[in-house]
Amino acid sequence: MSRRALLAGSGGLLMLAAAPDSAWARTAGVATSADPVRATGATRASRISQGTTLFHGDLHNHTLMSDGDGDPALAYESMRSAGLDIAALTDHTTLLSIEGLSRSEWNRTGQLADAANTPGAYTALRGFEWSHPLLGHVNVWYTGNFTDLGSSSSMSRLYNWITASGGISGFNHPGRELLRFNDFTYNAAMRDQMVGLEMFNRGDDYLFDGWADGQSSPLNACLNAGWRTGLTGVTDEHGTEWGYPEGKGRTGIWAVENTRNGVLAAMRDRRFFATRVSGLRLDATAAGVRMGGVLPFTSGDVRFVVDLDRGPDWAGKPLRIQVLRPGSRAPEVADVIDTTAGTVTEFTVPLDLADGSWVVLRISDPAQANASPGPAGHPCNDWGVAYSSPWWLST
């Protein structure tokens with residue numbers, strides 16, 4: 001337990017049951033699945049930060065234009081009807097367009113995104129998924145063109161292309177492919193443009209992916225290598241239920257405005273979190289710095305403040321906050337704080353740059369087990385609800 005765990009609000013629990021958010025309330029009656037997205041959620045305003053609004057996004061989806069089953073003309077509206085505020089189509093680019101995007105399909109994706117995009121209300125993005133069977137898959141957004149294995153056949157060539165394009169990118173389902181992005185070999189020129197690491201893909205938690213086969217945690221490997229990635233959750237839809245059903249990955253994005261430029265700025269600042277629960281609000285600061293930021297000191301006690309809510313359905317639900325720090329193969333857990341949904345939680349943890357440069361908060365449900373556990377007895381062998389983007393300690 002924390003050396004000092006305080007729940008805000010006159011020294012006791014602050015149980016604020018938020019009214020259902022309109023973007024989630026409007027999903028009632030439109031679900032196409034037997035297990036629809038929940039018609040509830042937390043309000044969009046943070047209780048600990050100002051100047052941004054929470055928008056719910058899904059940045060990784062497929063259609064008939066690569067290896068999906070669905071008509072791309074239906075995808076953006078499906079995701080909007082599911083309550084998402086930000087949505088991207090990211091069909092695969094492969095070698096010679098075999099089960100991958102062609103030039104005409106890339107152009108069509110752009111046309112569909114432009115038609116669906118409603119600045120201020122709904123952000124529709126075009127992207128692509130560079131797909132190598134051994135090295136791994138990388139999503140790329142905010143580029144006017146795409147690249148495939150014919151012109152970008154290695155990680156270094158892909159990084160050169162992204163750097164020249166000015167786009168942003170993220171590591172997909174990390175650990176699934178054998179070579180894991182050349183074991184996450186760091187490329188300093190890509191630091192600002194590699195903004196994401198998927199922690200939830202479909203219904204899976206990737207914290208310990210590959211552990212049973214002797215691999216290290218993808219989170220540990222990526223951040224220890226030097227990458228400064230925020231953490232995302234995605235649906236990676238290959239069927240026809242874009243945005244549905246409940247339980248698939250989502251990204252909560254704290255943006256100044258729901259526009260393409262607003263989303264891009266938030267992604268560049270790593271001002272987002274991964275979850276697989278619809279309608280969740282997670283905001284967190286460390287020493288007054290929001291997730292995704294830099295803590296300008298080398299050691300000392302750090303005060304964390306966490307705003308965690310999902311509206312009336314989860315009010316009072318027992319949850320845990322796990323403070324993750326670098327380890328050799330799996331993250332070390334510096335502290336575990338018991339909390340409940342609907343609260344603002346404050347606690348203090350000592351951090352030291354000598355122990356590693358990053359810190360991540362994992363939100364978990366202690367009543368459920370992690371389907372992909374790590375080391376025996378590890379505190380994160382329970383069910384992951386959300387991950388904050390990291391903070392980085394710096395001199």
4.5 Å side-chain heavy-atom contact, [X] and [Y]:
| X | Y | result |
| --- | --- | --- |
| Met291 | Asp283 | yes |
| Arg44 | His56 | yes |
| Met199 | Leu207 | yes |
| Trp130 | Leu149 | yes |
| Asp58 | Val234 | yes |
| Thr94 | Asp148 | no |
| Leu231 | Ser388 | no |
| Thr235 | His60 | no |

All ring pair (Phe, Tyr, Trp, His ring centres under 6.0 Å) counterparts of [X], not counting sequence neighbours:
| X | answer |
| --- | --- |
| Trp227 | Tyr159, Phe171, Tyr186 |
| Trp391 | Phe304 |
| Tyr206 | none |

*Evaluate side-chain contact (heavy atoms from CB on, under 4.5 Å) for Leu319 paired with Ser364, printing each intermediate quantity in order.*
CA-CA 6 Å; Leu319 297 170; Ser364 70; over 6 Å; no
Work out which heavy atom in [X] is nearest to a heavy atom in [Y]; give both atom names and the distance.
| X | Y | answer |
| --- | --- | --- |
| Phe273 | Leu280 | CZ-O, 3.5 Å |
| Leu135 | Ser153 | CD1-O, 4.3 Å |
| Ala286 | Leu295 | O-CD2, 3.2 Å |
| Ser169 | Met190 | OG-CE, 3.5 Å |
| Gln215 | Asp209 | OE1-O, 4.1 Å |
| Pro379 | Gln322 | O-NE2, 2.9 Å |

Just how far is it from atom [atom1] of [X] to atom [atom2] of [Y], taken to the nearest 0.5 Å?
| X | Y | atom1 | atom2 | answer |
| --- | --- | --- | --- | --- |
| Asp236 | Arg202 | CG | CZ | 4.5 Å |
| Asp69 | Glu241 | CG | CD | 11.0 Å |
| Met65 | Ser97 | CE | OG | 12.0 Å |
| Asp67 | Asp91 | CG | CG | 7.5 Å |
| Thr251 | Asp85 | OG1 | CG | 12.0 Å |
| Ile162 | Thr143 | CD1 | OG1 | 8.5 Å |

Does [X] have any side chain to side chain contact (heavy atoms under 4.5 Å, CB included) partners at least two apart in sequence or in another chain, and if so, which?
| X | value |
| --- | --- |
| Thr395 | Thr298, Leu353 |
| Ala116 | Tyr76, Tyr122, Ala124 |
| Ala330 | Phe208, Trp211, Pro375, His378 |

Selection [range] - residue pairs positive for salt bridge (Lys or Arg N to Asp or Glu O under 4.0 Å), sequence neighbours left out:
| range | result |
| --- | --- |
| residues 365-386 | Lys317-Asp365, Arg362-Asp382 |
| residues 216-235 | none |
| residues 164-177 | none |

*Can you tell me if Arg250 uses its side chain to pair, donor with acceptor, with the backbone of Gly243 under 3.5 Å?*
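Present.
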*Sort and list the pairs that fulfil side chain to side chain donor-acceptor pair (under 3.5 Å) and have at least one residue in residues 350-359, not counting sequence neighbours.*
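Every side chain to side chain donor-acceptor pair (under 3.5 Å) pair that includes a residue of residues 350-359, provided the two are not neighbours, is Asn224-Trp358.
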_Could you go through Asp114 and Gln111, starting from their C-alpha distance and side-chain angles, then the distance that decides it, and tell me whether this counts as side-chain hydrogen bond (donor to acceptor under 3.5 Å, both in side chains)?_
CA-CA 5 Å; Asp114 288 345; Gln111 294 164 0; over 6 Å; no
*asked:* Walk me through whether Arg103 and Asn145 qualify under side-chain hydrogen bond (donor to acceptor under 3.5 Å, both in side chains).
replied: CA-CA 9 Å; Arg103 173 64 53 189; Asn145 204 341; 2.8 Å; yes
*Step by step, would you call Arg281 with Ser46 a side-chain hydrogen bond (donor to acceptor under 3.5 Å, both in side chains)?*
CA-CA 8 Å; Arg281 185 181 72 234; Ser46 171; 5.8 Å; no
*asked:* Which residue in the set Asn172, Thr90, Asn61 passes side-chain hydrogen bond (donor to acceptor under 3.5 Å, both in side chains) when paired with Glu129?
replied: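 The passing option is Asn172.
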*Looking only at side chains, do Arg310 and Ser278 share a donor and an acceptor under 3.5 Å apart?*
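Ser278 and Arg310 do have a side-chain donor-acceptor pair below 3.5 Å.
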*Hey, are Ser389 and Arg271 close enough side-chain-wise for a donor-acceptor pair under 3.5 Å?*
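The answer is no; no qualifying pair exists.
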*Of the options Thr345, Leu361, Val306, which is the one that meets Ile337 in a side-chain contact (heavy atoms from CB on, under 4.5 Å)?*
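Of the listed options, the one satisfying the test is Thr345.
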_Can you pull out every ring-ring contact (aromatic ring centres under 6.0 Å, His included) where at least one residue sits in residues 90-109? Sequence neighbours excluded, please._
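Residue pairs with at least one partner in residues 90-109: His62-His92, His92-His137, His92-His238, Trp106-Phe128, Trp106-Phe146.
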Is [Y] reachable from [X] through a run of I, L, V, M, F, W or Y residues, each pair having side-chain heavy atoms under 4.5 Å apart?
| X | Y | answer |
| --- | --- | --- |
| Val294 | Leu324 | no |
| Trp254 | Val256 | no |
| Leu101 | Leu64 | no |

*Below 4.0 angstrom, N of the basic side chain to O of the carboxylate: do Arg268 and Asp192 qualify?*
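So Arg268 does not pair with Asp192 through a salt bridge.
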*asked:* Tell me whether Arg276 is salt-bridged to Glu246, with the criterion being a basic N under 4.0 Å from an acidic carboxylate O.
replied: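 The answer is no: the pair does not qualify as a salt bridge.
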*side-chain hydrogen bond (donor to acceptor under 3.5 Å, both in side chains) between Ser81 and Tyr244: does it pass, once the steps are laid out?*
CA-CA 10 Å; Ser81 73; Tyr244 303 96; 3.0 Å; yes
*Does the side-chain contact (heavy atoms from CB on, under 4.5 Å) test come out yes or no for Leu74 and Thr240, once each step is laid out?*
CA-CA 9 Å; Leu74 304 178; Thr240 60; over 6 Å; no
*Do other residues, nucleotides or ligands put more than 12 heavy atoms under 6.0 Å from the CD atom of Gln368?*
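It does: Gln368 CD has more than 12 such atoms within range.
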*Who else is in the cluster with Trp141 when I, L, V, M, F, W and Y are joined by side-chain contacts under 4.5 Å?*
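Reading the cluster by chain and number, Trp141 sits alongside Phe55, Leu59, Ile86, Leu125, Tyr142, Ile168, Val195, Ile253, Val263, Leu264, Met267, Phe272.
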